[in-house]
Every structure is written in structure tokens, then in C-alpha cells.
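Since the structure comes first, as C-alpha cells, the remarks are kept for the end.
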Amino acid sequence: MRSWWRDLTDLVLPAECGGCARPRAVLCDRCRAALSGRTPRRVRPAPEPRGLPPVHAAAPYADEVRAVLLAHKERGALALARPLGEALAGAVRAGLGAPAARGRPDSRDGAGRAACAPVLLVPVPSARRAVRARGHDPARRIAYAAAGELRRSGVPAAVLAALGQRRPVADQSGLGSRQRLANVAGALGVAPGCARLLHRSRVVLVDDLMTTGATLAEAARAVRSAQGLPGPETEPAGKGWETSSNSRPAFVYLGETWEGSEQRRTPPPAWSGADRQPGRTVKEAGGKSAGGTPGVVCAAVVAASPDAFEIHRN
């Protein structure tokens, strides 16, 4: 009877902290501080891949942070998506230069217009075989939680699962930086129908972890290719498309959602009115994205290699 009651309470209450295994806590105060207690910082891998956009990370990938990410990704501790999303949202704000406090949408200065310009979080895709093995797509799930946190702080954010794998790639866990670059080169593409949305929004590439930066650099190449922006070798969006973790047409997801549930698709104010007229960019409609025009603004991750935090180059 006692065992039955313990099993039942485990379904309702968290069994242990995802970072340190302390009982009855999704994430204890100490592990939450390790994940989100510091100011997100610009991180740079060494060597830095060509085409890598500015990347901000919430925490170094070590100790409790490493344990939390692995618990969410590999052990299906889905309740950790919200604190991980909060950490990712902080890194996105740092990359965009957006304040943590709620802004004023009716601000008339340039900073106010930039803060109200739509932001698309584009998660780095997982291979379908990895999604099947894990039972979920970790980066996309964290991106949904981050978008909800950003909207609560006044940033009009949404998730667009625009990227997918055009060809299979090898497991990167045992590869060095050069091998990873070769492994993912040309592997990602933008789903048909997504290029127009990418043109009209500030794009932030998001992932749970950055090690060498090879995958984020490839994701940036694919988005720039779809936007027709200058960069390394590019191909038309949708060419060579192969199904990945998002085999269906991509949608902009606006609600704080979980996979397989109902998704709210009502545009926030930044997507309404003139911003939705064909052919009009955010800048023409009165908005102004960081850097002056929509495009790949930055990348944000929950964690990065500790060495990436130690590199500071002007």
C-alpha cells in the first residue's frame, strides 16, 4: 500500500530536483540560481565558425546546469522546460538588448519601436530518429516556454519551426570542431512557406546547448539563404528538403504550448495591421529591428561550453 501511494504521488509531485536530485522539487533554489541566477553573456567558441551570429548563453554547461539539460533532454523530465525556457528567454533578451521589465508598446522613440518589432525564435531541429527515441523535441519545447516568458515581459515573441534536415548527419558527440563543421555543412534548410515570415521579423536562432557552434552557424546559413542575404554558399529555400523533427508545414506558435497540444495562432499586435500586408517589412510599417533590418539578429542558448565564456575578443 505504501509503495502504491508513493507511485501515485510521484505522478502529481516532482520526485526529485533535475539538477541535484533533492526530493520533491522540480528545480531547487540552488540549481535554479545556477541556471538563471547570473547575467547572460556573449559566448564564442574557439575556433569560431564562419557565419556564426552573436550568441548569448544563460549559464556554463557544467555541474547542475548540465544535469538539468540532460534530465530534460534524455530522461524526459518535461517539467524542467519552464525553468529552462526562462533561462533561454534571458539569453534572448541579452542578444536583442531588450529590458527584462515589461516595455511600453506605445513608446514613440526608436528603442520602443525596436522592442515592439516581432521576434521569431527559430529552434535548431532535431533529427526524427532522435525525437522518436526521446519522445519529444527538447529545443523546440524550451523555445515555446521561452516565447511565453518573453511575451510576459513585453517582447512580442513567437516560435517558428522553420528549419529541418535536408540530409542525415552523424552523431556529433565524438566529433571535433572541424569534423562537426563538415558533418553539418549544407544539412539544414528552410521549410517551404517560411521564407516570407523570416523576411519580416527579427530572427533569433535558439538551442539548448552550444559547444563548437557548428550547428548554429549552419542554421544561420540556411536562414540567410532563405532570406536572400549575403553569406556562404546558399541554395533556394526548400531545395532538397527532407523531413526532420518538423515534417509538417511550419506554423508560428504564439501560445505557451507543449507538443501535440492546441496551439494559439492569433497574431500579437506586432503582426497585425500594416505588418501583415504583403510586401511590407517591419521597418516600413513603423517597426525597427536591431541592426536596422529584419534578419538573423543573434542566437541564444541555455548553456555553452565553459571555455566559450572565457573568450573575449573585440
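Just so we're clear, the structure is a prediction, and the values are computed from it rather than from any experiment.
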[atom2] on [Y] to [atom1] on [X], rounded to 0.5 Å:
X: L80; Y: L69; atom1: CG; atom2: CG; value: 9.0 Å
X: L120; Y: C194; atom1: CG; atom2: SG; value: 9.5 Å
X: D207; Y: S126; atom1: CG; atom2: OG; value: 7.5 Å
X: Q227; Y: S201; atom1: CD; atom2: OG; value: 9.0 Å
X: R221; Y: E218; atom1: CZ; atom2: CD; value: 4.0 Å
X: R22; Y: C31; atom1: CZ; atom2: SG; value: 7.5 Å

Measure across [X] and [Y] and return the closest heavy-atom pair with its distance rounded to 0.1 Å.
X: A25; Y: C28; answer: CB-N, 4.2 Å
X: A21; Y: E16; answer: O-CB, 3.6 Å
X: A87; Y: V302; answer: CB-CG1, 4.4 Å
X: A226; Y: A195; answer: O-CB, 3.7 Å
X: V65; Y: A34; answer: CG2-O, 3.5 Å
X: G51; Y: A220; answer: O-CB, 3.8 Å

Check your understanding: What residues form a side-chain contact (heavy atoms from CB on, under 4.5 Å) with P40, not counting sequence neighbours?
Key -> A91, A94
Check your understanding: What pairs with A57 under side-chain contact (heavy atoms from CB on, under 4.5 Å), at least two apart in sequence or on another chain?
Key -> V43, V301, A304, F309
Practice item. Evaluate side-chain contact (heavy atoms from CB on, under 4.5 Å) for L188 paired with Q165, printing each intermediate quantity in order. Key: CA-CA 5 Å; L188 299 181; Q165 290 187 348; 3.9 Å; yes
Exercise for review: Consider only side-chain heavy atoms of I, L, V, M, F, W and Y, link residues closer than 4.5 Å, and tell whether L70 and L27 are in one cluster.
Suggested key: yes
Side-chain heavy-atom pair [X], [Y] within 4.5 angstrom cut-off:
X: I142; Y: V206; answer: no
X: R202; Y: P118; answer: no
X: V159; Y: P123; answer: yes
X: P60; Y: R41; answer: no
X: R93; Y: S153; answer: yes

Check your understanding: Counting N and O atoms only, with roles assigned by atom type, does the side chain of R141 sit under 3.5 Å from a partner on the main chain of G85, one being a donor and the other an acceptor?
Key -> no
Check your understanding: Is a donor on one side and an acceptor on the other found under 3.5 Å between the side chain of R151 and the backbone of A157?
Key ->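 At least one qualifying donor-acceptor pair exists.
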Check your understanding: Passes side-chain contact (heavy atoms from CB on, under 4.5 Å), V223 versus L163? Steps please.
Key -> CA-CA 8 Å; V223 171; L163 293 172; 4.2 Å; yes
Check your understanding: Can you list every side chain to side chain donor-acceptor pair (under 3.5 Å) pair that touches residues 66-81, not counting sequence neighbours?
Key ->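 For residues 66-81, and leaving out neighbouring residues, the side chain to side chain donor-acceptor pair (under 3.5 Å) pairs sorted by first residue read K73-D208, E74-R134.
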Exercise for review: Check ring-ring contact (aromatic ring centres under 6.0 Å, His included) between H56 and all other residues, then give those that pass, not counting sequence neighbours.
Suggested key: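 In terms of ring-ring contact (aromatic ring centres under 6.0 Å, His included), with neighbours along the sequence ignored, H56 is linked to no residue.
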Practice item. Applying side chain to side chain contact (heavy atoms under 4.5 Å, CB included) between L160 and each of V203, L121, L198, report the one that passes. Key: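 So the option named by the test is L198.
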Which atom pairs, donor and acceptor, lie under 3.5 Å between side-chain atoms of residues 176-185 and protein residues at least two apart or in another chain?
from	atom 1	to	atom 2	distance (Å)
Q179	OE1	G176	N	2.8
R180	NE	Q172	O	3.1
R180	NE	L175	O	3.2
R180	NH1	T211	OG1	2.6
R180	NH2	Q172	O	2.8
N183	OD1	A170	N	3.0
N183	ND2	A170	O	2.9
N183	ND2	Q172	OE1	3.0

**Study point:** salt bridge (Lys or Arg N to Asp or Glu O under 4.0 Å) partners of E64, counting only residues at least two apart
**Key:**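 Expected list: R30.
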Practice item. Dump the intermediate steps for side-chain contact (heavy atoms from CB on, under 4.5 Å) on V68 and L84, then the final yes or no. Key: CA-CA 8 Å; V68 170; L84 288 169; 3.7 Å; yes
Check your understanding: Would E149 and R82 pass as an ion pair if we require N to O under 4.0 Å?
Key ->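 Judged by the 4.0 Å cut-off on N to carboxylate O distance, E149 and R82 do not form a salt bridge.
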